[in-house]
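Have a look at the structure below, then the notes.
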Amino acid sequence: MLTATGKHLAEKETLQDYNVDLVEVEKGVYSILYNNKSYNVELAPGNKPKTYTINTLYNSYDIEILDAEAKYMKNRKSDDMDDDSTISSPMPGKVVRVLVKKGDSVKAGETVIIISAMKMESEYKVKKDRKIIDVLVNDGDTIDGNQPLIIIE
Amino acid sequence: MLTATGKHLAEKETLQDYNVDLVEVEKGVYSILYNNKSYNVELAPGNKPKTYTINTLYNSYDIEILDAEAKYMKNRKSDDMDDDSTISSPMPGKVVRVLVKKGDSVKAGETVIIISAMKMESEYKVKKDRKIIDVLVNDGDTIDGNQPLIIIE
Amino acid sequence: MIKKVLVANRGEIAIRVMRTCREMGILSVAIYSDADRKSMHVRYADEAYHIGPSPSNESYLVIENIIDAAKKSGADAIHPGYGFLSENAKFSDRCKEEGIKFIGPSSESISKMGDKITARRTMIAAHVPVVPGTTDPLTSEEDALKVIKKVGLPVMLKASSGGGGKGMRLVTKEEDILPSLRAAKSESMASFGDDAVYVEKFISSPHHIEFQVLADSHGNVIHLFERECSVQRRHQKVVEETPSPLMTPKVRNEMGEVAVAATKAANYQGAGTIEFIMDDDLNYYFLEMNTRLQVEHPITERVVGIDLVKEQIRIADGQKLKYKQEDLSQNGHAIECRIYAEDPDNNFMPSPGTILHITEPLGLGVRHDGYVYEGYEIPIYYDPLISKLIIWGIDRDEAIQRMKRALFAYKIMGVKTGIKFLEKIMNTPDFVEGKYNTQFIEKNKDILMEENRCDGDCKAIATIAAFIDYQNRLKKVKDRIHPDDVNSNWKAFGRKRNITRL
Amino acid sequence: MIKKVLVANRGEIAIRVMRTCREMGILSVAIYSDADRKSMHVRYADEAYHIGPSPSNESYLVIENIIDAAKKSGADAIHPGYGFLSENAKFSDRCKEEGIKFIGPSSESISKMGDKITARRTMIAAHVPVVPGTTDPLTSEEDALKVIKKVGLPVMLKASSGGGGKGMRLVTKEEDILPSLRAAKSESMASFGDDAVYVEKFISSPHHIEFQVLADSHGNVIHLFERECSVQRRHQKVVEETPSPLMTPKVRNEMGEVAVAATKAANYQGAGTIEFIMDDDLNYYFLEMNTRLQVEHPITERVVGIDLVKEQIRIADGQKLKYKQEDLSQNGHAIECRIYAEDPDNNFMPSPGTILHITEPLGLGVRHDGYVYEGYEIPIYYDPLISKLIIWGIDRDEAIQRMKRALFAYKIMGVKTGIKFLEKIMNTPDFVEGKYNTQFIEKNKDILMEENRCDGDCKAIATIAAFIDYQNRLKKVKDRIHPDDVNSNWKAFGRKRNITRL
């Protein structure tokens, strides 16, 4: 994780003194030469303001530009260990099977619902031990994208 | 050549009644369905305001949108039969050979100067019988793009 | 000769078929749903007809609408691609009734092979080896328990109408029999509208090897050798290659002959695939026949040199096969990687969205079959396949190195893809050595799901790029709001076009 | 083993070389001039070094700067590509002095073959047939008149340092001798800094056929068959194919042996090309040897299956050739079309500019080697080659059909290109029948320069698109100026997303 403060980046220990030759070659695509090494970085605005998704050579990152023009970077996977309180599918599809009911206790990693969308079946699991507050759909239901399916504690 | 007047295009005989399904699929790229035939048209703004270069399936056109929102279309080649009064190269390069001198009369199709640019030698010819008003460069000169080389009548 | 072909499909396969049509001087007709007006197959085709709303059961699966478009356009043949109606016997029949050539087998062949139980029976009769198991569907839960006890655990439950891993369940423990049976039936019903399920002995860690066949309407059948498709995730193929690193010339010959026999038993016409499973001792068993073009057909095209779609069209046109078995050979090595819009870090969830930027890998030995373009929004309604990379090398080593080179250069922004996951497969020792079976991904999941390294510089560089992009955007906004407010800091920043010191 | 290669070039060939480096696990180093900071080869390389201002004689031709970059980067080898310093003996020598491997022949071989007069003498000594003519440069205008009278008109005047059609003039009439001589000398001096010119008997309407050779440092030489390069405009190759439609197996064998003998006579090492001219009776004469990779090398790669850059690197590394002559064969047919930024309607004038939009053709049998991307500005300083389309087919007919399909789908906006001109070549009966020689373009110029048809609908559709685009832009401007001025007409127009009635 990298943090640094805006314009005075060079003075912070974390980002040291980077002397980079940087040009935007296509919209959102930067060619960067640093110590004569050639890097290509592609940026896409994230879902929230001041956030980016970045593709470097080997990685995909989410980056947030913090206030006071600082920035904060996190690896996509690293912060993924918490559940949203509402389970939903980003795509419309069909409920193949609901595996829990209201009031159930489920263990970390357990599948709570199977959704079929874009010709693929996806299993939605909880990341930690959870309690099921409510189940809003039934087997075979057609669902919209982002429609709440299951509420967890 | 097609001419028609803006909003009332349908009423003009020249463009008849075109019922087209048209979507911009990429910037400047249109997918058009007309009578279920699929056309792809690519547009690029021309050098002058209200002009376009258009690529259709087989052709490249220059189109000018006339005032009162009418339009005028010409095939790139058809109107190419006149000389500019100044001969110049669009690219920087080198004068390989000047074949005329001030006061010369030259015949249609005759080469007046040979320029080497982008690793290619290009011969500049006149399209009609012309008189040479002035020659502004010599053999071996390095030239800039669009620098006047020869003035013709 | 066929003059106009309606392609009853979308995505990369629709374009792939249209390309061959164009080479043959045949006009191509696209069909499209609401979601697909901007799709590349509509742009590529000579003609295009709207056939309904976005969900495929209201458009690409509606036989009536497709026949209607074919008649309006005057198409004299229909190519079904893969998926959708490609293995639908009714559709094949309906085309026949309407006097439109169906570029594929007869409804009888489709039905015979599409119903896995009938297919098993047909193959047994033709002396083609099949996996031990039942030749009847399970009639009840009680029946299932009884039958499975007889076959012996572990078993595979399979949908009789199945294909592509749908409606399939492995059962290793007795207590899982009934839940798995229910799951398989529900999935089968959802996918195929039929919940007939049967039982096969589970062959542990098998290899999935398939043979491409071509059969004309004059009784001639040839095979175009094997494809190795053992790299699978949840019974979905991820990487395919040919020749199979496992195969010997002797077994190849023998299996080729069996594949031809199986094709004849199915009374088949067109391009088809005989799928086998094979154990480590090279014993092989008929698994199923795919009565259509496969997603992975290009690796065969590359190594054998034959355009399979061209042959499909010729066969549908009633022509005799142009090639005899002895004309064919395998030249070099080909590998295909399937690029899906999916998120490998999130259980391979489909990742639809808008393609912001794409750099396609090109050059020596690279074939790229795709359909997306910059600005295109991958619809949420269909298969998330973006494209297929088909790589050829003079030998397997070169093909792997070249695939790595191509995957490295392949960049897509806007949706998540499996590209980095595929790169890791190419680097996994079991794959590099050609020693893998269908357990490959499970066995190597630590390697395959390992986080990508990004050393200090790499992270810093990414951060700097984001920061500068943000500052540039901010500057643009500021300039728009207060065009006269000359902020010297920002201006100075803007002027330092190249060298940026942070 | 070589670990890091500096590619002393730019454009498509730099990337093509780097791709192979990546496949071999070799790091690649780019060099770039001011104009090329955004060029794809800089983006593709592992490292990049700035070597000077935009004009090539201040950057890509400055040996000192390139050697400097090689040392800084620690590159242990330099690949020169084609053009620039690829046939510069001093550069080869200088690399050697610095202990950097030059991926190409020795300075002796380059000098011997680079000077066409010496080359002629070497070939005559090795019993390789050469075109009748002089073996000494013309010393004066008087000498020229005398010599040409002896050889007999028509003759070709050729720059001794020449290549690629530069400094070459055909003389058919006596009064043209001196003007042509002056032109040839001036062009040669401008291009090569040397105005030595010699005379060859002009073989009217010859075929241009070349043989690819590979020679290692252990004395092994093989040939990789011929390339037919007779489709030329002003002595510049436009389309190449292999095998040659003219060739017979007997003549191919014989010429291959001659090519190997010529390579040995040149004491050659690396990849090279022996160019021949051939008359209609299949008599052939040595024309020149190109001591580098050719632009058109990919068609040989496709048909023979060997990565020529890989072999170049292996040879430079001191390895023995991996292949023997008897291992090699030609599989199918390949055609290359060169796509230049040029204006066929305006005397093929180079057309630099910014690439606004590009759609690259893909799919079965298509290799595309290019370097431009959307938003890239083709610099005015270098060769206007954008990319090369290399098409394979199982036979010549299929290759032509596929090339037409690929050219049809290849769209570039922003610069003018020769794509439509190339499509016409593919449709010209002389080409389709394989009956053509170097006079092809001149002979068929009526067909080739014919205006493209665009029927009423096509014109109307183009006009409508322009009109609507204009209205949309106008609307955007209006909305920006008067965001509250709701012009109902415009709004209504905007709402009609799909169906637009004019």
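Quick note on labels: first sequence line is chain A, next is B, and so on, each numbered from 1.
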Is any side-chain heavy atom of D:Leu356 closer than 4.5 Å to a side-chain heavy atom of B:Lys27? no

Let's go through B:Ile114 and D:Glu187 carefully: what are the C-alpha distance in whole Å and the side-chain angles of both, what is the deciding distance for side chain to side chain contact (heavy atoms under 4.5 Å, CB included) to 0.1 Å, and is it a yes or a no? CA-CA 11 Å; B:Ile114 304 173; D:Glu187 205 171 302; over 6 Å; no

Side chain proximity check, B:Met118 to D:Met349, heavy atoms < 4.5 angstrom: no

Under 4.5 Å from a heavy atom of chain D, the part of B:Ala44 involved: both

Pairwise side-chain contact, B:Ile32 with D:Ile464, heavy-atom cut-off 4.5 Å (strictly under): no

Any non-hydrogen side-chain atom of B:Val29 less than 4.5 Å from a side-chain atom of D:Lys411? no

Can you tell me which portion of B:Val41 sits under 4.5 Å from chain D's heavy atoms? Options are side chain, backbone, both or neither. side chain

Spacing of OG1 belonging to D:Thr463 relative to CD1 belonging to B:Ile54, to within rounding of 0.5 Å: 6.5 Å

Heavy-atom closest pair, residues D:Asp469 and B:Glu24: OD1-OE2, 4.2 Å

What's the spacing between B:Ser122 OG and D:Glu342 CD if we round to 0.5 Å? 10.0 Å

Segment of D:Ile412 engaging chain B (4.5 angstrom heavy-atom cut-off): backbone

Check each atom of D:Asn347 against the heavy atoms of chain B and say whether the ones under 4.5 Å are side chain, backbone, both or neither. side chain

Answer yes or no: does atom NZ of D:Lys424 have more than 12 heavy-atom neighbours from other residues, nucleotides or ligands under 6.0 Å? yes

Measure D:Pro379 against the heavy atoms of chain B and call it side chain, backbone, both or neither at under 4.5 Å. backbone

For D:Ala465 and B:Leu43, the nearest pair of non-hydrogen atoms, with its separation, is O-CD1, 3.6 Å

Checking heavy atoms, do the side chain of B:Glu123, its backbone, both or neither come under 4.5 Å from chain D? both

Donor-acceptor pair, B:Tyr52 side chain versus D:Tyr470 backbone, under 3.5 Å? yes

